[in-house]
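Structure record follows, encoded as C-alpha cells.
Sequential numbering from 1 along the given sequence is applied to the chain's residues. First listed ligand is number 1; within each ligand, the first listed atom is number 1. Since the structure is predicted, the reported quantities are computational estimates derived from the model, not experimental observations.
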Amino acid sequence: MTRKLPIIALATAPGKSGVGVIRLSGPDITAITHALFQKALIPRQASLLTLRDSGGLTIDQLLAIYFAAPASFTGEDVLELQCHGGPQLLELVMKRCLELGKKWGLAIAQPGEFTLRAYLNNKIDLAQAEAIADLIDAQSEAAVRGAARSLQGEFSNDINSLIEEITQLRILVESTLDFPEEEIEFLESAQARERLSTVISKLLALRQSAKQGKILRDGIVLVLAGAPNVGKSSLLNRLAGEEVAIVTPVAGTTRDRVKESISIDGVPMHIIDTAGLRNTSDEVEVKGIERSWDSIRSADLVIFLQDSTNVSNEVSALREQVLKVAPTSIPVLEVFNKVDLLPPTKNGDDGAIYISAKTGIGIDGLKQKILEAVGWGSAQEGVVIARRRHLDCLDRAAEHLINSEKFAEDGNISLELFAEELRLAQDHLGQITGRLLPDELLGKIFSQFCIGK
Ligand SMILES: Nc1nc2c(ncn2[C@@H]2O[C@H](COP(=O)(O)OP(=O)(O)OP(=O)(O)O)[C@@H](O)[C@H]2O)c(=O)[nH]1
Ligand SMILES: [Mg+2]
C-alpha cells in the first residue's frame with residue numbers, strides 16, 4: 001500500500017521556531033543528498049552544509065544527518081535537515097528538495113507515512129505506531145507516560161505473551177485431535193483447563209488496564225447539568241481554577257455550552273457547562289437548553305447539580321429526566337452545591353456529595369468521586385495508553401476464550417470447537433499489534449496521523 005518512492009515532509013510543527021526539521025525517507029536518498037549538497041554524508045554524523053537555489057544563492061546553512069537503512073526510524077535511508085525555523089525558509093528548502101529530488105520521484109509524504117513505513121519495515125508494531133501518535137497528542141503528563149510505555153512495547157509484550165500462551169494451548173489441542181480416544185485424559189494431564197483460565201484472567205486484567213489507558217488517551221467528557229442558578233458555571237470555574245464562565249445571580253445566565261479541558265490526577269477531563277434546564281419561552285435560551293440535552297446524551301459522565309438550600313419536587317422530576325436522557329451505561333453523580341449556606345450539622349453525613357463551588361468545600365472529595373465513577377483506579381504505574389480499537393479487540397478475544405472454556409468444560413468435549421475459539425481469540429489479539437489486520441483498516445489508522453509523522 002505504500003509508495004516505494006522517496007518522501008519528504010516537515011517533521012516539526014508549522015510556524016516560527018528556533019529550528020525546523022525536514023525529513024526525507026526512502027530509496028535514492030543518497031543520490032538526492034548528493035544533488036542537494038554535492039557530497040556524500042557519513043551515517044549518523046551531523047554535517048554543517050549550505051543549501052543553494054538554482055541560481056547559486058544560499059537558502060540556508062543547515063545541519064544534515066543521514067541514517068543508512070535499516071538503522072533509521074523508517075527502516076529506509078533517511079535524511080534529516082535541521083534548518084532555521086522560519087516558515088518561508090522551510091518552504092524554500094522543501095521546494096528545492098522537491099525540485100532536485102523530482103528525478104527520483106520525491107513526493108510530499110501522506111499523513112503518518114513515515115510511521116507507516118516504520119511499521120511495514122518491522123521497526124515497530126501497530127500498537128507502538130499508534131503510541132507515537134498518542135504521545136504527540138497526549139493531554140496530560142500521565143498520558144505521556146502511558147504512551148511512552150506503549151511505545152517501549154510494554155502493551156505489545158503483554159499481548160504477545162498472551163498470543164504465545166494461546167498458541168501453546170492450540171498446539172496441545174490440535175495435536176490431540178488426531179487421537180480422539182485419548183482426548184480427555186490428554187487435556188487433563190496437560191492441565192489445559194487451568195492454563196486456559198490463567199490466560200483468561202491475564203486477558204481480563206490487561207483489559208482493565210487498557211480501559212484506564214483509553215481514559216488517559218481520550219479523557220472524559222464531563223457534563224455539568226441542572227436547573228438554572230444551582231452553580232454549574234461556578235463549579236466549572238472552581239474546577240478549572242479560573243473564571244471561564246460567566247456567573248451571576250440571574251437564572252438563565254449560561255446560554256450556550258462552555259467547554260474547558262482540565263486534568264484531575266493526570267486524567268484529562270473535558271468539562272461542559274450547560275444552560276440551566278427549565279421551561280422557558282426565551283428563544284435563545286430554548287436553543288441553549290436543547291444543546292444541554294445533547295451534551296447529556298453524549299457525555300461520559302454527568303454531574304447533576306442541585307442547590308442544597310432548595311430541594312423540591314421539581315428538582316426530583318428534573319433529575320429523573322436527566323437519568324432518562326443520559327446513556328444508561330454512564331454514571332450520573334448527584335451533587336449538592338451551596339453547602340456553605342446550610343447549617344454545619346446538615347452536610348456530608350448521608351453519603352451524598354456536598355460541595356460549595358463558592359468556598360471550595362468538598363471539591364477534592366468530588367474530584368475523587370469523579371475518578372471513581374469513571375473507573376479510574378489508583379494504581380496507575382503500569383498503565384499503557386490504549387484506544388477504543390484495542391478495547392474492542394480485547395473484548396472479542398475474551399468472548400472467544402470464555403466460549404472455549406465452555407467447550408472445554410462440557411462433558412462431551414468438542415475439541416474442534418475448542419480449537420476454533422482459541423484461534424479466533426488469537427486473531428483478535430493479533431489485530432492489536434497489526435499481525436492480522438486488514439489493509440483498509442491499516443490505511444484508516446495511519447491517515448489520522450499528522451503529516452510529517
Ligand atoms: N453561597 C453560594 N453561592 C453560590 C455557590 N455556587 C454558586 N453560587 C451563586 O449562585 C448564583 C448562580 O451561580 P451560577 O454558577 O451562575 O449558576 P448556574 O447553574 O451556572 O446558572 P445558569 O447559568 O443560570 O444555569 C451566583 O450568584 C453564584 O455566586 C455556592 O457554592 N455557594
Ligand atoms: Mg451558568
- request: Closest by any non-hydrogen atom to atom 16 (O) of ligand 1: pick that one out of Leu235, Thr248, Leu236.
  value: Thr248
message: List the residues meeting side chain to side chain contact (heavy atoms under 4.5 Å, CB included) with Ser356, not counting sequence neighbours, and say none if there are none.
response: Val339, Asp340, Lys358, Thr359, Ile361
query: Of all the atoms in ligand 1, which lie at a distance below 4.0 Å from a heavy atom belonging to Leu341?
result: 1 (N)
Which segment of Ala251 sits under 4.0 Å of ligand 1 when only heavy atoms are counted: backbone
- prompt: Is Val230 close to ligand 1, meaning an N/O of one under 3.5 Å from an N/O of the other?
  reply: yes
statement: For Asp340, the atoms of ligand 1 under 4.0 Å from one of its heavy atoms are 1 (N), 2 (C), 30 (C), 31 (O), 32 (N)
Close approach, Val250 and ligand 1, non-hydrogen under 4.0 angstrom: yes
field: Protein contact to atom 6 (N) of ligand 1 [nearest heavy atom, distance to 0.1 Å]
entry: Asn337 ND2, 3.1 Å
Geometric N/O contact Pro228 with ligand 1, under 3.5 angstrom: no
- prompt: Mind checking whether Val339 has an N or O less than 3.5 Å away from an N or O of ligand 1?
  reply: no
- prompt: Can you tell which part of Asn229 has a heavy atom less than 4.0 Å from ligand 1: side chain, backbone, both or neither?
  reply: both
message: Between ligand 1 and Thr359, is the shortest N or O to N or O distance under 3.5 Å?
response: no
